[in-house]
There are 2 protein chains.
Amino acid sequence: MPDGSKSSDDASTDSMAVTDTFLRRYIGYRMKRAYVHIHNNAQAAIEGFGLRITTSSALHVVVENPDLSQSQLCLALNIERSRAVLLVDELEKLGLVKRNKVPQDRRSYALRATPAGEALFEKIAAHLARHEDALLAALSSDEKTQLAVLLDKIERSAVSARNAGA
Amino acid sequence: MPDGSKSSDDASTDSMAVTDTFLRRYIGYRMKRAYVHIHNNAQAAIEGFGLRITTSSALHVVVENPDLSQSQLCLALNIERSRAVLLVDELEKLGLVKRNKVPQDRRSYALRATPAGEALFEKIAAHLARHEDALLAALSSDEKTQLAVLLDKIERSAVSARNAGA
DNA sequence: TATTGTTATACTCTATAACTATA
DNA sequence: TATAGTTATAGAGTATAACAATA
């Protein structure tokens, strides 16, 4: 029976719709379900450019903050130092970012996007914004602003709760 | 210099705060940052019970839908069949869920929570709800409702867009 | 042929620890 | 001693393909 629709209205042995009412009580569950779609949409938008979301995000930050170090990149993206190494490796291999030496501190690099990196960033940023707008077309401009405000509020209160410690 | 604060107001070589303005333009970026906190909070709340978020979610659905099959569990949680095998394996090993035979269809199982599984579910559900409430204490009841509505709207519109196909 | 559950593989993201070279 | 970057390892979630048993 390749027909996905209900074969009849009976509630006998055949599959009644499976419910997730208990899980819907958690905002986190709803957020994860929504985020999966946003993530997949962004990934699909980017993959034509040869990057993934993580590397594209790193490129965004490097373009915006020329000569930042890998540690600073980690602070901005909330990632571990070891992760930054691989992301910058990939961006450098693609010729999008360069690790420049810093005479003042020979431990660290000054990361800078190459002209190719900046050009690709511009294309990706425009493309990503358009894709997200399309995905969120059901939301009004006000609703998108509301959502952004609420998400920021969650992040800020979570961070201050964490800093308050036990 | 173990002092994290600005050593002065100069903007010379020392680290000005790294910005992520470009990324903040994407709702998806803000959502990911907020979700990380919600996820970590839920994980911390659950780990004392010996489950992870994924297995706890599966337990929620099995308790709510007695005698569902693994495939139905997959539909509810939006996961792959191969993933469900491992989740149910773990829940069964812990004595929280049982795979019962189905005479009508010997391919599939009827999953059912054991009394221990139901008892643990009750404890976890109450604990999780309290933890999430604490994390989201900065949000009013109205704001939480708003957020849930917006997240659902995103999920629904994304699913219908996907079903519309290209 | 199609579906249920299973196994195996691989990729991404994440987390951790240990190491080097600098400071 | 502390920090910047690196390397290696492991766990978790996800995606895919192939397979046996059953429908």
Side-chain angles (χ1 to χ4, degrees), chain A residues 1-4 7 13-15 18 28-29 32-33 35-37 39-40 42-44 46-47 51-58 67-75 77-92 97-111, chain B residues 1-4 7 13-15 18 32-33 35-37 39-40 42-44 46-47 51-58 67-75 77-92 97-111:
Chain A
M1 60 179 84
D3 182 6
S7 54
T13 51
D14 209 4
S15 58
V18 188
Y29 178 71
K32 170 156 194 189
R33 292 188 70 108
Y35 181 69
V36 164
H37 295 288
H39 178 270
N40 289 345
Q43 194 168 260
I46 289 176
E47 73 178 357
L51 294 185
R52 284 162 296 115
I53 292 180
T54 48
T55 44
S56 157
S57 297
D67 295 332
L68 86 169
S69 68
Q70 286 186 191
S71 293
Q72 288 177 311
L73 179 62
C74 291
L75 285 178
L77 291 177
N78 246 313
I79 61 177
E80 296 297 315
R81 288 199 309 278
S82 57
R83 183 111 188 81
V85 176
L86 304 178
L87 294 180
V88 177
D89 277 353
E90 190 171 333
L91 290 172
E92 199 174 35
V97 160
K98 193 159 184 312
R99 284 176 165 111
N100 292 310
K101 303 242 174 173
V102 176
Q104 293 82 3
D105 186 342
R106 285 154 56 204
R107 292 173 301 180
S108 71
Y109 294 126
L111 304 177
Chain B
M1 61 179 85
D3 182 5
S7 53
T13 50
D14 209 5
S15 58
V18 187
K32 172 159 193 184
R33 293 189 70 108
Y35 180 68
V36 164
H37 295 288
H39 178 270
N40 289 345
Q43 194 168 260
I46 288 177
E47 74 178 356
L51 294 185
R52 284 162 294 116
I53 292 181
T54 49
T55 45
S56 156
S57 298
D67 295 331
L68 85 169
S69 69
Q70 287 186 192
S71 293
Q72 287 176 311
L73 179 63
C74 292
L75 285 177
L77 290 176
N78 247 314
I79 60 177
E80 296 297 315
R81 286 199 309 278
S82 56
R83 183 111 188 81
V85 176
L86 304 178
L87 295 180
V88 176
D89 277 354
E90 191 171 332
L91 290 172
E92 200 173 33
V97 160
K98 193 160 184 313
R99 284 176 164 112
N100 292 308
K101 304 242 173 174
V102 176
Q104 293 83 3
D105 187 340
R106 284 153 58 204
R107 291 174 302 180
S108 70
Y109 295 125
L111 304 176

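The structure displayed is predicted, hence computed values, not measured ones. Residue numbering restarts at 1 for every chain, and letters A, B, ... go by the order of the sequence lines. Note: hydrogens, waters and symmetry copies are ignored here, and every other heavy atom, side chains too, is used.
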* Can you tell me the distance, in whole Å, between the CD atom of A/E47 and the P atom of C/dC11? => 16 Å
* With DNA chain C as reference, determine whether B/V85 or A/Q43 sits nearer its 5' end, using the nearest nucleotide of each. => B/V85
* Using modelled atom types only, decide if a donor and an acceptor are shared between the side chain of B/Q72 and the backbone of B/S69 within a distance under 3.5 Å. => yes
* Taking only residues two or more places apart in sequence or in another chain, which ones pass side-chain contact (heavy atoms from CB on, under 4.5 Å) with A/S57? -> A/I53, A/L77, B/L23
* Asked: Can a side chain N or O of B/S71 be found less than 4.0 Å away from OP1 or OP2 on C/dG5?
  -> yes
* Asked: For A/Q72 and D/dA4, is the shortest distance between a side-chain N/O and OP1 or OP2 below 4.0 Å?
  -> no
* Asked: Ion pair present between B/E92 and B/R99, side-chain N to carboxylate O less than 4.0 angstrom?
  -> yes
* To do: Could you tell me whether the phosphate oxygens of C/dT3, OP1 or OP2, come under 4.0 Å of any side-chain nitrogen or oxygen in B/S108?
  => no
* Between D/dA12 (P) and B/D89 (CG): distance, integer Å -> 14 Å
* To do: Taking only the side-chain heavy atoms of B/R99 (C-beta and beyond), determine which of C/dG5, D/dG13, C/dT6 contains the nearest atom.
  => C/dT6
* Drop me the distance from B/L111's CG to B/D67's CG, to the nearest 0.5 angstrom. => 8.5 Å
* Should A/L87 and A/I79 count as side-chain neighbours, where that means a heavy-atom distance under 4.5 Å? -> yes
* To do: Could you check how far NE2 of A/H39 sits from P of D/dG13, rounded to whole Å?
  => 15 Å
* Asked: Nearest-Å distance, CG (B/D67) to P (C/dT4)?
  -> 16 Å
* Asked: Under 4.0 Å: is that the gap between some side-chain N or O of A/Y109 and OP1 or OP2 of D/dT6?
  -> yes
* Asked: Hey, what do you get for CG (A/L91) to CG (A/L86), rounding to the nearest 0.5 Å?
  -> 11.0 Å
* Structure fact -> A correct 5'-to-3' footprint of nucleotides 14-23 of chain D, with B, S and - meaning base, sugar-phosphate only and no protein heavy atom under 4.0 Å, is B-B----BBS
* Structure fact -> A/L77 CG to C/dT12 P, in whole Å, measures 18 Å
* Could you tell me the separation between the CG atom of B/N100 and the P atom of C/dT4, rounded to a whole number of Å? => 18 Å
* To do: Round to a whole Å and report the spacing from CD1 of A/I53 to P of C/dC11.
  => 19 Å
* Is B/R52 near enough to D/dG11 that one of its side-chain N or O atoms lies under 4.0 angstrom from OP1 or OP2? -> no
* For B/L51 and D/dG13, give me the distance from atom CG to atom P, rounded to whole Å. => 11 Å
* Asked: Stepwise, does the side chain to side chain contact (heavy atoms under 4.5 Å, CB included) test hold for A/R52 with A/I46?
  -> CA-CA 6 Å; A/R52 284 162 296 115; A/I46 289 176; 5.8 Å; no
